[in-house]
2 protein chains.
Amino acid sequence: MTVLFSRKCEYALQGILYLAEKQYEGNISAEQIATDLNISRDFISKTLQSLVKDGIIQSHRGKSGGFSLAKDPDSMSLLDIVLIIDGNSVFESCVLGLPTCGAESPCPVHEKWGPIREASRKMLENTTVAQFQPVTGSV
Amino acid sequence: MTVLFSRKCEYALQGILYLAEKQYEGNISAEQIATDLNISRDFISKTLQSLVKDGIIQSHRGKSGGFSLAKDPDSMSLLDIVLIIDGNSVFESCVLGLPTCGAESPCPVHEKWGPIREASRKMLENTTVAQFQPVTGSV
DNA sequence: TTTAATTCGGACTATATACTCCGATTATGA
DNA sequence: TCATAATCGGAGTATATAGTCCGAATTAAA
Ligand code: SF4
Ligand code: SF4
């Protein structure tokens, strides 16, 4: 079902993007995020808690509490979020998983796969959360 | 742990590649394949059975039985094996899993991700099992 | 000060994937 | 014909991921 990243990672991306969209609206409750993104409240909540631990977003308990960005969305790349949740094994390991391989005895696809993997990494690295914001602008 | 394809799919690729290497040695037992590839015998056996069902390899029971290729390795692409085991959802779905998306309202990475996905698909499609054979040649 | 709204954190269940076990079946060859 | 060597197939276990539940801590506001 999941494709390249874990489901949790996909939710984290969606959650961050959503928070960026509402960045001037103060704390957003897990309840509201869950409703709008159509994800289980408890699960998106747990997922966002991981991001809080990493410091990329903030959380506040109590009445009118919720989640909000802790950084400028301009300085947040998609890669940041992926690395927090899934780590960088996706970009290190080989697709084929052949036993005896590596740069010293490369298989026929080695030179082809490297650039593809690098391209997807660069794509995520060069795409900031801010770039996803619709033209609605501030206020 | 797995990266792009399932573990089973990785084993299938390894198994096919191994059989191609030994294509002139008749039936190869699951036992031998498992030993040489360092995979559990029962699991590689089950995995190869899936490939037998699809007709890409053959199997023979009984004494001196085992597995062998059913087609010319020249006409077997890596993509064939991937599709048998994991299907083509990897090449259809989006990495980000955003809810409201698609070509009609593309997100900022849409135009970048498409070509990357297509490149990996083409790479697998254009790489035949035969290309993996070392220069040991026949006999 | 009380109430309501919220995150936090731990423990729990569900599901998919990975992997194992074993008996039945099939074939070879002594 | 009989022993041996192998796949086949079904059922089982293990582990990781996905997702749920709930009570405690926290905070804002009535
Ligand atoms: S040689 Fe490179 S591409 Fe081929 S299996 Fe190894 S790491 Fe992967
Ligand atoms: S618009 Fe394209 S790249 Fe963006 S989330 Fe949707 S399918 Fe993926």
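Both backbone and side-chain heavy atoms feed into the values below; hydrogens, waters and symmetry mates do not. Numbered from 1 within each chain, the chains take letters A, B, ... in sequence-line order.
When the P atom of D:dG9 is taken as reference, atom CG of B:Leu48 falls 14 Å away, rounded to whole Å. Between B:Glu31 atom CD and C:dC21 atom P there is a gap of 13 Å when expressed in whole angstrom units. Atoms CZ (A:Phe5) and C1' (D:dA16) sit 19 Å apart, rounded to a whole Å. Atom pair A:Glu10:CD and D:dT17:P shows a separation of 14 Å (rounding to whole Å applied). One can place NZ of B:Lys8 at 14 Å from P of C:dT20, the figure rounded to the nearest angstrom. If you measure from atom CD1 of A:Ile33 to atom P of C:dT6, you get 11 Å, rounded to the nearest angstrom. Atoms CD1 (B:Ile39) and P (C:dT20) sit 11 Å apart, rounded to a whole Å. Per the geometry, CZ belonging to B:Arg7 stands 11 Å off P belonging to D:dT17, to the nearest Å.
For B:Tyr11, the ring-ring contact (aromatic ring centres under 6.0 Å, His included) criterion is met by B:Phe43, not counting sequence neighbours. With sequence neighbours excluded, the residues that form a side chain to side chain contact (heavy atoms under 4.5 Å, CB included) with B:Gln49 are B:Ser45, B:Lys46. Qualifying side chain to side chain contact (heavy atoms under 4.5 Å, CB included) partners for B:Lys112, counting only residues two or more places apart in sequence or in other chains: A:Met123, A:Thr127. For B:Asn126, the side chain to side chain contact (heavy atoms under 4.5 Å, CB included) partners at least two apart in sequence or on another chain are B:Lys122.
One finds no side-chain N or O of A:Tyr11 lying less than 4.0 angstrom from the OP1 or OP2 phosphate oxygen of D:dA18.
Relative to the ring axis of B:Phe91, B:Arg121 places its NZ or CZ within 45° and under 6.0 Å from the centre.
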Nucleic acid footprint by protein, nucleotides 20-30 of chain D - heavy-atom cut-off 4.0 Å, B for base, S for sugar-phosphate alone: BBB--BBBB--
Expected list for residues 58-68 of chain B: side-chain donor-acceptor pairs under 3.5 angstrom, two or more places apart:
unit_1	atom_1	unit_2	atom_2	d
B:Gln58	OE1	B:Ser68	OG	3.2

